[in-house]
Number of protein chains: 2
Amino acid sequence: MGRDRATLADVARRAGLSKTAASMVLNGREGTRLSAEAHQRVFAAAEELGYRPNVAARSLRTRKTATIAFVSDIVATTRFAGGLIRGALDASRERDHVLLITETQGDAAFEQYAIEAILDRQVDGVIYAAMATRRLAVPPAILGGPVVLLNATSPEQLPCVLPDDERAGAMVAETLLAQGHRDRIALIGRNRQKERDPEISLAAEARLRGIRDTLTAAGVSLCAEVFSPEWLSEHGYAAMRTLLDRPTRPSAVICMNDRLAFGAYQALGEAGLTIPGDISVLSFDDDPIAGWLRPGLSTAALPHEQMGRRAVEILLDGEGKGPWLVPMPLRRRRSVAAPAD
Amino acid sequence: MGRDRATLADVARRAGLSKTAASMVLNGREGTRLSAEAHQRVFAAAEELGYRPNVAARSLRTRKTATIAFVSDIVATTRFAGGLIRGALDASRERDHVLLITETQGDAAFEQYAIEAILDRQVDGVIYAAMATRRLAVPPAILGGPVVLLNATSPEQLPCVLPDDERAGAMVAETLLAQGHRDRIALIGRNRQKERDPEISLAAEARLRGIRDTLTAAGVSLCAEVFSPEWLSEHGYAAMRTLLDRPTRPSAVICMNDRLAFGAYQALGEAGLTIPGDISVLSFDDDPIAGWLRPGLSTAALPHEQMGRRAVEILLDGEGKGPWLVPMPLRRRRSVAAPAD
DNA sequence: CAGCGCCGCTAAACTGATTTAGCAGAGCAT
DNA sequence: ATGCTCTGCTAAATCAGTTTAGCGGCGCTG
């Protein structure tokens, strides 16, 4: 892999100058007194030889590697990882950095291994990412350098990037109010564990707060709230059935995520009800299926790419402490309409 | 990040030996004549100081970085990337390697940048991955070292890892034959471009070949084939409707991927037909939605994690040239039954 | 007792960059 | 002529490892 590369010494020799001169010219050092001609000769030589500095050698001296570690709990299981990584990748490239990826799988031994691996490689900073928005404990070993939490917070008050779930909740509620829904808005997906335990998820509580506060401000409250143990499609299905079994049918249902909404769609389809004619559905996440459903599901999108990007920006450009909330744009599709009666 | 680390010199000093001795002991060099006591002293010193070698310094000398570059065309858009990366990550960890990830986005300039970035960092090898199984052109710059193609082939006959789409096609056909389906098996998702142009996709042709050969061997042929421009759910929906408009209804439908199958489910639901009672559905990919559908969709799973894993194994353990076909296991859910009549 | 080989270990070179300290020569003032 | 500064550049140290070459002492042989 990449043998026969020209070294700085080669460049210097060809330019008829010392390594020192070549190094300074190529690094654009200010305050050096090298002549314009020397500059030209070095650039020409580097160009001709296709010179590229050896990062290992450089970082041995400078302790900078232009490498960022992206440590996450789980990358595969969730499709959201891709967005976070892609955003981080883009922002890294813009800053001439590269991403070293490791995964802890929530396992202490793996985490230990991952941390050592990245410290051995002298990364310039760490992005510590969680796949579900939550609070977590950061391993002390990485606190020695710059760290940004992605989709997570920690007791240490480290800089962190989070989706603005509360605002998203508000937008979802506002959307329904604007369509004229009032006293028959139901909710699917409250979950005692998820809401209460910030180590599992911060999203649920924030979304609910946004929804509640907005409705309350309009003098409205939820007509029903169905709890579900997890946020899977079968739970959405079951929840929607229990809602339909009640005496008054809701005019709109807010689902805490798209998987629940998907299950709700299935229950509504079986019951012969149409969306949004009979019932409007609104949700969170913007999973790819939201666009495949018929009608398309309106949902507040998790801005993963933006978040990944932001994390790198904060890590490298260092801008105070945050927390930074990234807006969740509402994807308006066809699942919301005015109430039928 | 990681200052104050003990160096080899520190270890040597504490052990009362030379750097040479310390280095040799810690690297487990054979044929050295250092005493058992010297070994012990070095290990003890390293332990006490929490010594970890500086990878940059080591690789400057050895030209090995214990780092693999994972270069892919697109990571975010597709959820499959996660599986490939996760598999590669696992296998890398087992071999004490780490993954440097870059993305070309199919853009020549980005690709150039990505290649330079990884060559500058002296990676030990490159995994060049495509998100859709296809043939591609490998940039000559990386041919200087070990390369494995993941989910792709190239004219250069490089080692490559591919899903065994043909066998998967055969399994799907066998499954239907075993249930007693014969002359009313239809197919959704042929696509002229995709099938013909290996730079776009190799999967379609291989799957179709597996299906055809198996049916032919049983003296059966497809009763209908519906082309669709892309493999999106709306195309599956449309295709299923055209199938249902025909005089004889198929007893089973094979969809070329799960998104098409999802659309087909929608069309069947609207038409008031049940799966698998009226029509069996079988598909490829094992997208997460396959499990969310009602009934669960039986589908031949793309073994992404296995593939990512295999690529690293081949890169590091070097085992001939391949190509290596990774089996696609059939996930049996509830969408297949014997024909009604 | 000279010569040889083996044992246990080390000094120093080497990798490819950055950075510090400083040198030779020119120009100028005293 | 001497001392000073400024210009334009370079030698050498440094980073933290690996690797080559070889050293001193001991035991054995001839």
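Note that the structure is a prediction, hence the values are computed from the model and not measured. Side-chain atoms are counted along with the backbone in the values below, which use heavy atoms only and exclude waters and symmetry mates.
For D:dT19, the OP1/OP2 oxygens have a side-chain nitrogen or oxygen of B:R29 closer than 4.0 Å. OP1 or OP2 of C:dT10 sits under 4.0 Å from a side-chain N or O of B:S18. Regarding contacts with the backbone of D:dG17, every side-chain N or O of B:S23 stays at 4.0 angstrom or more from both OP1 and OP2. Distances shown here put every side-chain N or O of A:R63 at or beyond 4.0 Å from the OP1 or OP2 atom of C:dT18.
Distance from the side chain of A:N54 is smallest for C:dG16 among the nucleotides D:dC9, C:dT18, C:dG16. Closest to the side chain of B:L8, out of D:dG17, C:dT15, C:dC7, is D:dG17. Closest contact between the side chain of B:A21 and the listed nucleotides C:dT10, C:dT18, D:dT7 involves C:dT10. In this structure, of D:dT18, C:dC9, D:dA16, it is D:dA16 that holds the atom nearest to the side chain of B:T7.
Judged purely by distance below 3.5 Å, without hydrogens or angles, the side chains of B:T104 and B:D73 never pair a donor atom with an acceptor atom. Between the side chains of A:S35 and A:E37, no donor N or O sits under 3.5 Å from an acceptor N or O.
Between the CG atom of A:L26 and the P atom of C:dT19 there is a distance of 13 Å, rounded to whole Å. Counting to the nearest Å, the C1' atom of C:dT19 and the CZ atom of A:R33 are 15 Å from each other. Look at CG on B:N27: it is 13 Å from P on D:dT20, rounded to the nearest Å. Rounded to whole Å, atom C1' of C:dC14 lies 9 Å from atom CG of B:L60. Atoms CZ (B:R5) and C1' (D:dC15) sit 14 Å apart, rounded to a whole Å. Between the CZ atom of A:R121 and the P atom of D:dC15 there is a distance of 22 Å, rounded to whole Å. Rounded to whole Å, atom C1' of C:dT19 lies 7 Å from atom CE of A:M24. Whole-Å rounding puts the A:L119 CG to D:dA16 C1' distance at 16 Å.
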In sequence, state the C-alpha distance, the side-chain angles, and the governing distance for A:D124 and A:R95, and then conclude on salt bridge (charged side-chain N to carboxylate O under 4.0 Å, His left out). CA-CA 13 Å; A:D124 294 347; A:R95 286 163 185 72; over 6 Å; no
Check against salt bridge (charged side-chain N to carboxylate O under 4.0 Å, His left out), B:E103 and A:R93: CA-CA 10 Å; B:E103 190 188 35; A:R93 181 191 20 242; 5.3 Å; no
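Contacts of A:A56 with the nucleic acid, taken as non-hydrogen atoms under 4.0 Å apart, are absent.
How far CZ of A:R86 is from CD1 of B:I74: 7.0 Å, rounded to the nearest 0.5 Å.
Put simply, the side chain of B:R58 and the base of D:dG17 share no donor and acceptor less than 3.5 Å apart. For A:T20 against D:dA11, a side-chain-to-base donor-acceptor contact under 3.5 Å is present. Between the side chain of B:R61 and the base of D:dT18 there is at least one donor-acceptor pair of N/O atoms closer than 3.5 Å. Checked by distance alone, A:K19 brings no side-chain donor or acceptor within 3.5 Å of a matching partner on the base of C:dG16.
A:P53 places a side-chain heavy atom less than 4.5 Å from the side chain of A:R58.
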